[in-house]
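To start, the structure under review is shown below, and the notes come after it.
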Amino acid sequence: MRFSKYLIPLALTIAVVVSLTLSVVLWTNPANYRTNKQTAQSPTSQQMVKPRGYVYSPVQAIHTNADGSQVILVNKLVNTVTEIKKTMKNYKDPHIKTLSKNSKVDYFRIANQTDSIMLNYSDTVSMKMVNHIVHNRFKKLPNYKINRIVLPTNNSTKLYLLADKNFTVYEIDIKKHSLKSLNNVLKMDMRTQPASFKLLRSCPRSMIFDILLCKKRV
């Protein structure tokens, strides 16, 4: 009974001593506390910071076959767009020119050309953003605004950039390179969705970005 009488005061005394000790440590070395706190929060902060190339990456890949039919490429195991981007690192000696402007015919001729893959952005991006994909190979090219990239799967010296505004087509000539890795992406286990790329007549003519993907009824 005598021991239990002193138990509560003893516990309170220990608690006060521990509290004062921690207070002294924080007062004398606050920087260490902040560092530890920041270190504990760093994994979350790092997850929130994403590379610019990731944020402004194309969101969709469409393959136009040799017969002109088109499909959206989807892979269950990997990101198809990411796999295509990995093949776009070795473009050498790029030269750009305006192939056509204000011509729907030329625009859709390039967009829907056979044996090609078209990468679509969700919105207009600058050439600087495209440059992130190609590992800075296009740094000397004009900073045009574009919406789509067309990669021929049977021509290793050209690729095309499409701007929905004014139906502009830019052609980029590059040094010949291997297309093996690009065509290997098409050999992956794909779940394809039939589609067609065209201008919807039902949309108001005053809107520029009415170029949409229309799923075909199967």
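Treat the numbers as computed from the prediction; the structure is a model and nothing was measured. Sequential numbering from 1 along the given sequence is applied to the chain's residues.
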Counting C-beta onward and ignoring hydrogens, is there a side-chain heavy-atom pair between [X] and [Y] closer than 4.5 Å?
X: Leu141; Y: Val130; result: no
X: Phe167; Y: Asp106; result: no
X: Thr64; Y: Val150; result: no
X: Ile96; Y: Phe138; result: no
X: Met190; Y: Thr80; result: yes
X: Thr192; Y: Leu73; result: yes

How close do [X] and [Y] get, counting heavy atoms only, and between which atoms?
X: Tyr107; Y: Val169; value: CA-CG2, 3.7 Å
X: Asn112; Y: Phe197; value: ND2-O, 3.3 Å
X: Arg137; Y: Val134; value: CG-O, 2.7 Å
X: Pro152; Y: Tyr160; value: CG-CE1, 3.9 Å
X: Ser57; Y: Lys85; value: OG-NZ, 2.9 Å
X: Asp123; Y: Asn147; value: C-ND2, 3.9 Å

Quick check for you: to the nearest 0.5 Å, what is the distance between [X] atom [atom1] and [Y] atom [atom2]?
X: Leu159; Y: Met88; atom1: CG; atom2: CE; result: 6.5 Å
X: Leu182; Y: Lys187; atom1: CG; atom2: NZ; result: 11.0 Å
X: Asn90; Y: Lys175; atom1: CG; atom2: NZ; result: 11.5 Å
X: Leu151; Y: Leu179; atom1: CG; atom2: CG; result: 9.5 Å
X: Ile174; Y: Lys158; atom1: CD1; atom2: NZ; result: 9.5 Å
X: Ile72; Y: Gln60; atom1: CD1; atom2: CD; result: 4.5 Å

Looking only at the side chains, is there a donor atom on one of [X] and [Y] sitting less than 3.5 Å from an acceptor on the other?
X: Asn166; Y: Thr168; result: no
X: Ser196; Y: Gln70; result: no
X: Asn65; Y: His63; result: yes

Checklist entry - Who pairs with Lys86 by side chain to side chain donor-acceptor pair (under 3.5 Å), at least two apart in sequence or on another chain? => result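 Residues passing side chain to side chain donor-acceptor pair (under 3.5 Å) with Lys86: Glu83.
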Checklist entry - Residues two or more places apart in sequence or in another chain: which of them pass side chain to side chain contact (heavy atoms under 4.5 Å, CB included) with Lys140? => result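 Applying side chain to side chain contact (heavy atoms under 4.5 Å, CB included) to Lys140 gives none.
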Item to check | Residue Asp67 excluded, over 12 heavy atoms near CG under 6.0 Å | outcome: yes
Any side-chain to backbone donor/acceptor pair from [X] onto [Y]? Under 3.5 Å, distance only.
X: Ser156; Y: Lys176; answer: no
X: Asn131; Y: Met127; answer: no
X: Asn75; Y: Val78; answer: yes
X: Asn143; Y: Lys128; answer: yes

Checklist entry - Which residue pairs satisfy the ring pair (Phe, Tyr, Trp, His ring centres under 6.0 Å) criterion with at least one member in residues 169-196, sequence neighbours excluded? => result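 Qualifying pairs: Tyr91-His177, Tyr144-Tyr170.
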Checklist entry - What do the steps show when you test Thr124 against Lys165 for side chain to side chain contact (heavy atoms under 4.5 Å, CB included), and what is the final call? => result CA-CA 9 Å; Thr124 304; Lys165 186 177 182 180; over 6 Å; no
Checklist entry - Do Val81 and Ile133 sit in the same hydrophobic cluster, where Ile, Leu, Val, Met, Phe, Trp and Tyr count as joined when their side-chain heavy atoms come under 4.5 Å apart? => result no
Next on the checklist: Using the rule given for side chain to side chain contact (heavy atoms under 4.5 Å, CB included), can you reason through Ile117 versus Thr153, listing the C-alpha separation, both sets of side-chain angles and the distance that settles it, and then say yes or no?
Outcome noted: CA-CA 7 Å; Ile117 296 175; Thr153 58; 3.9 Å; yes
